[in-house]
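All remarks here apply to the structure that follows.
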Amino acid sequence: MIVLQREQTVQEHLLQAAIRRGFSEYKDRLIRLQQGIIGERYVDRSWHDMQLEEAYYLFHDFQTTMHQIDTIFLCAKFILIVEIKNIAGRIDFDEDRHQFTRTLENGIVHGFRNPLDQVRRHQRMLQEVVRGLPILYAIVLALPKTIIGHIPQGEPIFHRSGLEFHIRKLLTQYAVRLTSPALQDLVTQLLQMHTIHKAQLNIDKARVRTGVLCVQCQSKMQYHYGHFKCSKCDYKDDGTALKQAMRDYCLLVDEWITNEEFRMFVEIKSGDTAKYLLKKLGFPYEGEKRWRRYQITC
């Protein structure tokens, strides 16, 4: 049973907004993030294919203030922390130096943060708050073409295709530790621990590109006769582009906006038109008349 779904991350939304609004330097960072997300979703297919007899719970993108775990597998026998890596080439672990490297076909070597250090850190955190269950971990490689080179002996590092075998092996090795009510209590405890991070970028807000941007060609749209319309491709906004502009503002500038700030950002002159559009968007607000401000949902 999936308790926490894997959603498009707030960080991904933030980077996409930044790129739309003139900060092209974040393109590489977005690509790396999306590659990781693709790998996570590729591994997620393995969970759908499993036909396990025992009850289990999946927490995808589990986050606390200091931790972000790709997937937690929870059952009455153990907790398994799953760290997913979507890395091409040959990978090698050096346990003594706590080093993790990737070697491409052209011989170029890149160093990455050691995932063993990551999962052990997650393991220590869960061991402090969860009693009565062994806390295990595994590193799963999403790409079938990834070549596994040197790895520390006994460490669970394997391809996605080995995930079900590994889970079934663990289920035979460990005995039941929790009753069904106790397991449900633990599910609730983990959900209460889960926190969605408020992602931020250190950007110059004065540089943020203004305007309602066409969802087809990214050109600025003009407000005319009750609608935003793109003069370049003739796209007529049905409300999608305006809502996206407000999400961009929320992510990059502020979650609160006044009538004047709204007019400046979407580039319209009329205060009455701005009031009409803000009312149509349905944002909650506080204050009256010139002191009113609206809260945007990112």
Side-chain angles (χ1 to χ4, degrees), residues 2-9 11-12 32-50 56-75 78-95 97-102 110-130 133-171 174 190 193-197:
I2 300 176
V3 181
L4 280 180
Q5 295 282 352
R6 197 179 306 283
E7 304 289 349
Q8 187 182 33
T9 67
Q11 185 73 14
E12 186 177 11
R32 292 194 300 271
L33 176 67
Q34 289 176 330
Q35 286 174 340
I37 293 171
I38 290 171
E40 290 166 356
R41 291 176 177 165
Y42 187 51
V43 172
D44 288 347
R45 298 175 191 171
S46 298
W47 302 113
H48 295 296
D49 295 337
M50 290 186 195
Y56 66 92
Y57 301 88
L58 294 172
F59 299 77
H60 296 307
D61 287 334
F62 180 82
Q63 301 177 46
T64 68
T65 305
M66 301 297 294
H67 295 261
Q68 186 168 354
I69 301 175
D70 292 336
T71 296
I72 293 176
F73 174 95
L74 168 65
C75 66
F78 58 84
I79 288 177
L80 178 68
I81 300 166
V82 179
E83 177 73 17
I84 300 169
K85 291 299 174 187
N86 187 27
I87 300 177
R90 171 192 164 115
I91 60 170
D92 292 276
F93 293 77
D94 187 329
E95 183 77 334
R97 296 177 176 83
H98 293 264
Q99 183 171 273
F100 174 58
T101 59
R102 181 268 301 277
H110 296 105
F112 295 88
R113 183 181 178 186
N114 190 341
L116 283 172
D117 292 336
Q118 289 178 266
V119 291
R120 289 166 182 166
R121 178 172 167 268
H122 300 327
Q123 182 187 46
R124 290 192 297 272
M125 180 272 293
L126 287 177
Q127 286 171 338
E128 292 176 359
V129 297
V130 176
L133 278 183
I135 313 295
L136 313 173
Y137 60 77
I139 296 172
V140 179
L141 304 171
L143 290 178
K145 293 183 178 180
T146 302
I147 299 172
I148 301 175
H150 179 268
I151 62 174
Q153 186 174 4
E155 292 292 351
I157 303 168
F158 48 83
H159 282 286
R160 178 188 74 93
S161 58
L163 181 58
E164 181 174 356
F165 174 81
H166 186 72
I167 292 289
R168 291 188 179 278
K169 182 176 69 173
L170 294 176
L171 289 172
Y174 288 87
L190 290 175
M193 290 171 58
H194 175 66
T195 304
I196 298 177
H197 295 181

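All values below come from the heavy atoms of this structure, side chains included, with hydrogens, waters and symmetry mates left out. Computed from a predicted structure; not experimentally measured.
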Tell me whether the centres of the aromatic rings in H166 and F158 are closer together than 6.0 Å.
-> yes
Kindly say whether the aromatic ring centers of F78 and F73 come within a distance under 6.0 Å.
->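 So the answer is yes for these two rings.
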Give a yes-or-no answer on whether the side chains of E155 and Y137 include a donor-acceptor pair shorter than 3.5 Å.
->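 There is such a pair between these side chains.
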Side chains of T71 and R6: do they bring a donor and an acceptor to under 3.5 Å?
-> yes
Answer yes or no: is there a side-chain heavy-atom contact under 4.5 Å between [X] and [Y]?
| X | Y | answer |
| --- | --- | --- |
| Y56 | L58 | yes |
| L190 | L74 | yes |
| T101 | R90 | no |
| Q34 | E12 | yes |

From [atom1] ([X]) to [atom2] ([Y]), nearest 0.5 Å:
| X | Y | atom1 | atom2 | answer |
| --- | --- | --- | --- | --- |
| I167 | C75 | CD1 | SG | 8.0 Å |
| D117 | F100 | CG | CZ | 11.5 Å |
| Q35 | K85 | CD | NZ | 12.5 Å |
| I79 | Y57 | CD1 | OH | 13.0 Å |
| Q127 | L133 | CD | CG | 11.5 Å |
| H67 | M193 | NE2 | CE | 8.5 Å |

Should R113 and E83 count as an ion pair when the cut-off is N to O under 4.0 Å?
-> no
For [X] and [Y], which heavy atoms make the closest approach, and how far apart are they?
| X | Y | value |
| --- | --- | --- |
| L126 | I72 | CD1-CD1, 4.3 Å |
| E95 | P152 | OE1-CG, 3.7 Å |
| I148 | I157 | CD1-O, 4.2 Å |
| S46 | L163 | CB-CD2, 4.0 Å |
| I2 | H48 | CD1-CE1, 4.1 Å |

Given I147, I139, L141, the one that forms side chain to side chain contact (heavy atoms under 4.5 Å, CB included) with I91 =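 Result: among I147, I139, L141, L141 is the only option passing the side chain to side chain contact (heavy atoms under 4.5 Å, CB included) with I91.
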So which of I69, I135, T64 actually passes side chain to side chain contact (heavy atoms under 4.5 Å, CB included) with H122?
-> I69
If you draw a 6.0 Å radius around NE2 in H150, do more than 12 non-hydrogen atoms from other residues or ligands fall strictly inside?
->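 No, because the 6.0 Å sphere around NE2 of H150 holds 12 heavy atoms or fewer from other groups.
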For the side chain of [X] and the backbone of [Y], is there at least one donor-acceptor N/O pair under 3.5 Å apart?
| X | Y | value |
| --- | --- | --- |
| D70 | I84 | yes |
| H159 | T146 | yes |
| Q63 | Q68 | no |

Listed partners of E128 passing side chain to side chain contact (heavy atoms under 4.5 Å, CB included), at least two apart | none
Verify salt bridge (Lys or Arg N to Asp or Glu O under 4.0 Å) between E164 and R45, making sure each step is shown before the conclusion.
-> CA-CA 11 Å; E164 181 174 356; R45 298 175 191 171; over 6 Å; no
Verdict with reasoning, F93 to N114, per side chain to side chain contact (heavy atoms under 4.5 Å, CB included) = CA-CA 8 Å; F93 293 77; N114 190 341; 3.7 Å; yes
Are R102 and F112 in a cation-pi contact, defined as NZ or CZ under 6.0 Å from the six-membered ring centre and within 45° of the axis?
-> no
Side chain to side chain contact (heavy atoms under 4.5 Å, CB included) between N86 and L143, intermediate numbers included = CA-CA 6 Å; N86 187 27; L143 290 178; 2.9 Å; yes
Evaluation steps, side chain to side chain contact (heavy atoms under 4.5 Å, CB included), between V82 and W47 = CA-CA 12 Å; V82 179; W47 302 113; 4.1 Å; yes
